[in-house]
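First the structure, in the form of structure tokens, and then the observations on it.
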Amino acid sequence: MTAPAGPDHRPLKVAVLGGGPGGLYAAALLKRLDPGREVTVWERNAPDDTFGFGVVLSDETLGGIEHADPDVYRALQAEFVRWDDIDIVHRGRTLTSGGHGFAALGRRRLLAVLHDRCRALGVRLVFRTEAPPAAHLARDHDLVIAADGVHSATRTAHADVFRPQLTTHRCRYIWLSADFALDAFRFEIADTGRGIAQLHAYPYARPSPTPHRASSGAPRPPHPTADRAGVPDGGASTVIVEMREEVWRANGLDAQDESAAAAWCAALFADTLGGRPLRTNNSSWIAFRTVVNERWSHGRIVLLGDAAHTAHFSIGSGTKLAVEDALALAACLREQPALPDALAAYEAERRPVVASTQRAARASLAWFEDLATYTDQPPHQFAFNLLTRSRRVTHDNLRLRDAGFTDAVAAAAGVPTGTPPMFTPFRLRGLTLRNRVVVSPMDMYAADGDGTPGDFHLVHLGARALGGAGLVMTEMVCVSPEGRITPACTGLYAPQHERAWRRVTDFVHAQAPGTAVGVQLGHSGRKGSTRRMWEGIDQPLPDGNWPLVAPSALPYRPGVNQIPHALTTAELGVVRAQFARSAAAAARAGFDLLELHCAHGYLLSGFLSPLTNRRTDAYGGSLAGRLRFPLEVFDAVREEWPADRPMTVRISATDWADGGTTPDDAVAIAAAFAEHGADALDVSTGQVVPDERPDFGRSYQTPYADRIRNTLGVPVIAVGAISSWDDVNSLILAGRTDLCALARPHLYDPHWTLHAAAEQGYSGPGAPWPLPYQAGSRTPPTGRTDAPKPRLTLH
């Protein structure tokens, strides 16, 4: 396909703002694709000026470079330091995980390779010169690539178009270098006496070859070459020291200069450094900033690399993303007939990849921000937790890399040999669950008009009980007619409801022995009297609506949903009694566990969130006031619920909205319920207000459960886009949760748990197959799939 050209069909005239790896590589690729293009790179610093030391690139990125420009690949390959191990030092103990496959080189050397390649191709490099504004360059250039970094002047100048979101995080970090090559990627935790600090370090230059001896017998220094300019004979390693802002200030580092900071860090990690000093290079303490842009292009201007997006250094992705941006931009310009189409294709291709990387990076940086939460974990669990912090590295792929390491982690956690972590038992009060899988509560909207569960519920819950989960939960079962979400929601407030639910629990206990069945009790509050989900989610009934009640007279959607009645103190007593009555009925109906629904904007959740509770009496105001009624209901239910049966509470740990429940609030809420006797917290998020902005992604809600568990030491159930048995194993073994609740996977496959056991070759007591199903307990054969072809191949 013909590449985009200028308006008069001449080759593109391109300006690149920023001489970092992404901008240089984009320039080289564009010139190589079409030698007739006029490509200029503007860089305000000198050619050998750079900040930071080593750069890590993945095998995936290197593969893209190899296919797109073998000359650059060969030049880089000669420079790379490769290593497989990650060392994790905690409490004086070093644990090593192998098989990771890293490649690094000096940033200065990377730039030199790209400078040479650009010059060889005829790219014009302009150093020590401030580039004209992008808008000015766009007047006489066909394309302006803004690769001008995290503090992009181009992005700032056109903020009304790019609409950036800049988030500054809670840790301070500094880039330093050691004059020797570590033999592994190293993470180390140190107690400063005023809080903890962490070290991230990796080699980026090999030691010099062993020097020859002169005739006098004295060592002859290696001949200096351009390739080793500035590299010590012992090699070199990047050393990043990071800590929370308050720890940084408490140690007086905010008042120290560059050299003093390096000396302080060297002393803190003296054992790792062997007493060696640390070098600086315009090093300063930085608070990491995440950059997200709503748009990446504006007319002839396009953002690339850190100007468009950033991802925390702890997953080593900044240079990787910039280089991959360059590859994709060059490919799209080659494939699309017009520049607007090419820029749209570039953004469409890269945005999902970047979003996924940023989610992983946010998970990683949040883990390090909350590092103090995990330092009391046993060494093996701590190491596994660290390695899986971004949710990209999992139990299964760690096992592929280093089975000995994962086996040691499992053994230290008491997991029997040959047993996946998800198939270990867990005890809650008098109930022992045979595995860690929970069928999450899911509203089915399939009850008779009076709230009675029928054959659908028997088959739905019965099938999932036969499917092997340790605990199967009902949907939210309502405590009163007006507490229903829809006319098709189930209840537990009439004798026929109790009889119908007993039919379900009897089936589960008889046909799936060892499977527990739990009931979730709740009241819809202001989110009631609506249609079934597929008829219009949260939309009022066309007729037959009933009055709604809530903590405050605030409709869920103003102008759409009705204004609820704010409950009086006397009416709160009525609701409390309804919950207690339903709890007693649930016990008679044979349920093994009861969960109180205090999440998702329903009645009890409405009391907890400051966005929905505007009361000025004892049941509003402070968090203690907002907790008062949900705790009163919990106590009333606990009194009716048998003492040997566990009781859990589902909460929304964040409202995903400004002014709503915060993660700190969630910890306090969880602590309050635990003090009142909750056996576990089922930690969900959101659905409290309609204008929420969730940060969706795989396992996106699990960090909230993790924080509660590791802050309070109470059992938790994690939920939220947990979709694979590998995720479950990873979360359990890392100590981030005790149980995992899955919803959609169980809709897709009622036998999800048994199939997970089969796929892992497990046939133990944690996942017994029902006798009639045993013939299906082996994984069927599957066909092979071909790996994706390289994104850009040039010959």
Side-chain angles (χ1 to χ4, degrees), residues 419-442 444 453 455-475 477 490 500-521 586-595 641-642 644-648 650 679-680 682 715 717-719 722 725 728-729 732 737-760 762-774 776-777:
T419 301
M422 66 186 292
F423 293 118
T424 54
F426 188 73
R427 187 174 181 85
L428 286 171
R429 202 169 284 237
L431 176 67
T432 298
L433 302 176
R434 67 186 177 199
N435 62 53
R436 305 302 185 94
V437 179
V438 178
V439 176
S440 194
M442 293 175 278
M444 291 289 106
D455 289 347
F456 177 90
H457 298 85
L458 175 67
V459 174
H460 166 67
L461 295 170
R464 279 138 191 91
L466 290 170
L471 172 63
V472 176
M473 292 296 301
T474 69
E475 61 198 88
V477 176
T490 59
W501 284 119
R502 185 80 207 198
R503 181 174 172 234
V504 173
T505 61
D506 284 348
F507 176 89
V508 171
H509 293 147
Q511 300 301 324
T515 298
V517 57
V519 61
Q520 185 187 69
L521 291 185
R588 293 191 298 268
F591 286 104
D592 302 300
L593 176 148
L594 185 148
E595 179 165 285
W641 188 241
D644 62 331
R645 299 188 208 178
M647 187 170 162
T648 64
R650 174 167 278 203
D679 298 290
D682 185 356
I717 305 170
V719 304
I722 303 170
W725 49 258
V728 177
N729 284 329
I732 297 297
T737 189
D738 300 285
L739 300 167
C740 289
L742 300 92
R744 288 177 177 84
H746 282 113
L747 294 180
Y748 180 77
D749 179 4
H751 293 83
W752 185 89
T753 307
L754 293 180
H755 292 157
E759 289 166 11
Q760 296 175 82
Y762 173 75
S763 58
W769 282 73
L771 292 176
Y773 287 177
Q774 281 190 345
S777 62

Before giving the answer on side-chain contact (heavy atoms from CB on, under 4.5 Å), spell out for Leu593 and Leu428 the whole-Å C-alpha distance, their side-chain angles and the decisive distance to 0.1 Å. CA-CA 9 Å; Leu593 176 148; Leu428 286 171; 4.1 Å; yes

[atom2] on [Y] to [atom1] on [X], rounded to 0.5 Å:
| X | Y | atom1 | atom2 | value |
| --- | --- | --- | --- | --- |
| Leu594 | Thr648 | CG | OG1 | 7.5 Å |
| Met442 | His460 | CE | NE2 | 4.5 Å |
| Tyr773 | Leu466 | OH | CG | 5.0 Å |
| Leu471 | Leu431 | CG | CG | 7.5 Å |
| Asp738 | Leu433 | CG | CG | 10.5 Å |
| Trp501 | Leu461 | CH2 | CG | 6.0 Å |

Which atom of [X] lies closest to which atom of [Y], heavy atoms considered:
| X | Y | result |
| --- | --- | --- |
| Thr753 | Gly468 | CG2-O, 3.4 Å |
| Phe423 | Ala767 | CE2-CB, 3.5 Å |
| Pro715 | Phe426 | CB-CZ, 3.9 Å |
| Ala586 | Val519 | CB-CG1, 3.8 Å |
| Thr505 | Arg502 | OG1-O, 3.2 Å |
| His457 | Pro453 | ND1-CA, 3.5 Å |

Under 3.5 Å, side chain of [X] to main-chain N/O of [Y], donor-acceptor pair present?
| X | Y | result |
| --- | --- | --- |
| Asn435 | Met422 | no |
| Thr432 | Arg427 | no |
| Arg645 | Ala587 | yes |
| Arg436 | Thr737 | no |
| Asp592 | Gly518 | no |

Under the salt bridge (Lys or Arg N to Asp or Glu O under 4.0 Å) test, which residues partner Glu595, sequence neighbours left out?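 Counting only residues at least two positions away or on another chain, Glu595 forms a salt bridge (Lys or Arg N to Asp or Glu O under 4.0 Å) with Arg650.
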
Using the salt bridge (Lys or Arg N to Asp or Glu O under 4.0 Å) criterion, which residues pair with Asp679? Sequence neighbours excluded.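 Result, salt bridge (Lys or Arg N to Asp or Glu O under 4.0 Å) vs Asp679: Arg429, Arg638.
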
Can you classify the ring geometry of Trp769 versus His755 as parallel (below 30°), tilted (30 to 60°) or perpendicular (above 60°)?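 Tilted, since the angle between the ring planes falls between 30° and 60°.
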
Modelled atom types, side-chain donor and acceptor of Gln760 and Trp725, under 3.5 Å: no

Working note: Val438 + His746, criterion side-chain contact (heavy atoms from CB on, under 4.5 Å); need CA distance, chi angles, decisive distance, verdict. CA-CA 10 Å; Val438 178; His746 282 113; over 6 Å; no

Using the rule given for side-chain contact (heavy atoms from CB on, under 4.5 Å), can you reason through Met473 versus Val439, listing the C-alpha separation, both sets of side-chain angles and the distance that settles it, and then say yes or no? CA-CA 6 Å; Met473 292 296 301; Val439 176; 5.8 Å; no

Heavy atoms from other residues, nucleotides or ligands near CZ of Phe456 exceed 12 (cutoff 6.0 Å):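 Yes, because the 6.0 Å sphere around CZ of Phe456 holds more than 12 heavy atoms from other groups.
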
Checking side-chain contact (heavy atoms from CB on, under 4.5 Å) for the pair Val472/Val508: CA distance, chi angles, key distance, verdict? CA-CA 9 Å; Val472 176; Val508 171; 5.9 Å; no

